[in-house]
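All ligand and atom numbering here is 1-based and tracks the order in the structure.
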Amino acid sequence: MSAFIFDLDGVLVDTAKYHFQSWSAVADKYGLGFDAALNEKLKGVSRRRSFEIIVGHNGRAVDDYDVSEILNEKNRLYLQFIASINASELLPGTIDILSACKRHGIYIALGSASKNARYILEQTQILHYFDIIVDGNDVTKAKPDPQVFQLASRTLGLKNEECTVFEDSIAGIQAAQQANMHTVGIGDSNILTLADITIPDLSYFDFKLLHK
Ligand code: BG6
Ligand code: MG
């Protein structure tokens, strides 16, 4: 058997932009500089770690802030953005690749840092495809730590080498590689330089790409 382990935000669902917009608003409010380049470093990492990265980038100390309140604030904004999310926000190729996995007998796993993952899978009507879900509620170490992907392979009873990870973030590709899994970068190959292969979105996926 083998498994495809999918990241959620920016791979299956077009939610990365909402994380970006929520952090932009929070950064503005607290007078912290934030731009698209910095946002790349937040992709895939936990909510708390995201804030630490923003604060560090601005040469400030996390202790100067009421971190719990700021994380809640960011999540409240994010939840407003995704309040009415539906299947129209699935990214190109999502349904095709999930259906192809079912036809080929490949396990489907989620490996996401998000604590909102189940809600998004339900709202976008793809929850039923998943054999297992590992998300931000299940792990203690955020990507680039491999814990999220290792937990997925262990739960499925597979070897790490039998798993292929689909990721739009640098941290996620690093995590998958640390776990000795195959990696498919989703996005810009100039950014996801470490991935085994990179495609613009899942609609470009072809099983032949894995055997090159
Ligand atoms: C990841 C996103 O999927 O989930 C990150 O790429 C985000 O940007 C992380 O910080 C945690 O998400 P949430 O929904 O628990 O704040
Ligand atoms: Mg992502």
- Any heavy atom of Gly136 sitting closer than 4.0 Å to ligand 1? no
- Item | Sub-4.0 Å heavy-atom approach of Ser169 to ligand 1 | no
For [X], which part has a heavy atom under 4.0 Å from ligand 1: side chain, backbone, both, or neither?
| X | answer |
| --- | --- |
| Lys115 | both |
| Leu8 | neither |
| Ala113 | both |

- Task: Would you check, one step at a time, whether the test side-chain contact (heavy atoms from CB on, under 4.5 Å) holds for Phe205 with Phe4?
- Result: CA-CA 12 Å; Phe205 181 73; Phe4 281 5; 3.9 Å; yes
- Query: Within less than 2.8 Å of the Mg ion (ligand 2), how many protein N/O/S atoms are there?
  - Reply: 3
Neighbour count above 12 (heavy atom, 6.0 Å) for [X] [atom1]:
| X | atom1 | value |
| --- | --- | --- |
| Lys102 | NZ | yes |
| Phe81 | CZ | yes |
| Lys17 | NZ | yes |
| Tyr107 | OH | no |

Top protein contact for [atom], by heavy-atom distance:
| atom | result |
| --- | --- |
| atom 16 (O) of ligand 1 | Arg47 NE, 2.7 Å |
| atom 12 (O) of ligand 1 | Ser114 CA, 3.3 Å |
| atom 7 (C) of ligand 1 | Val45 O, 3.3 Å |

Is it true that the side chains of [X] and [Y] contain a donor and an acceptor less than 3.5 Å apart?
| X | Y | value |
| --- | --- | --- |
| Ser153 | Asn160 | yes |
| Asn75 | Asn116 | yes |
| Glu167 | Thr183 | no |

- Message: Looking at every non-hydrogen atom in both residues, tell me the closest pair between Thr15 and Gly10 and how far apart they are.
- Response: OG1-N, 4.1 Å
- For Ala83 and Gln123 the tightest heavy-atom approach is O-NE2, 4.4 Å
At a 4.0 Å threshold, what atoms of ligand 1 neighbour a non-hydrogen atom of [X]?
| X | answer |
| --- | --- |
| Leu42 | 5 (C), 8 (O) |
| Asp9 | 1 (C), 2 (C), 3 (O), 4 (O) |
| Gly44 | 2 (C), 5 (C), 6 (O) |
| Ser50 | 10 (O) |

- Sub-3.5 Å N/O-N/O distance, Trp23 and ligand 1: no
- Qualifying salt bridge (charged side-chain N to carboxylate O under 4.0 Å, His left out) pairs, either residue in residues 19-47, two or more places apart: Lys29-Glu73, Glu40-Lys43
- Ion pair Glu69/Lys74, N-O distance below 4.0 Å: no
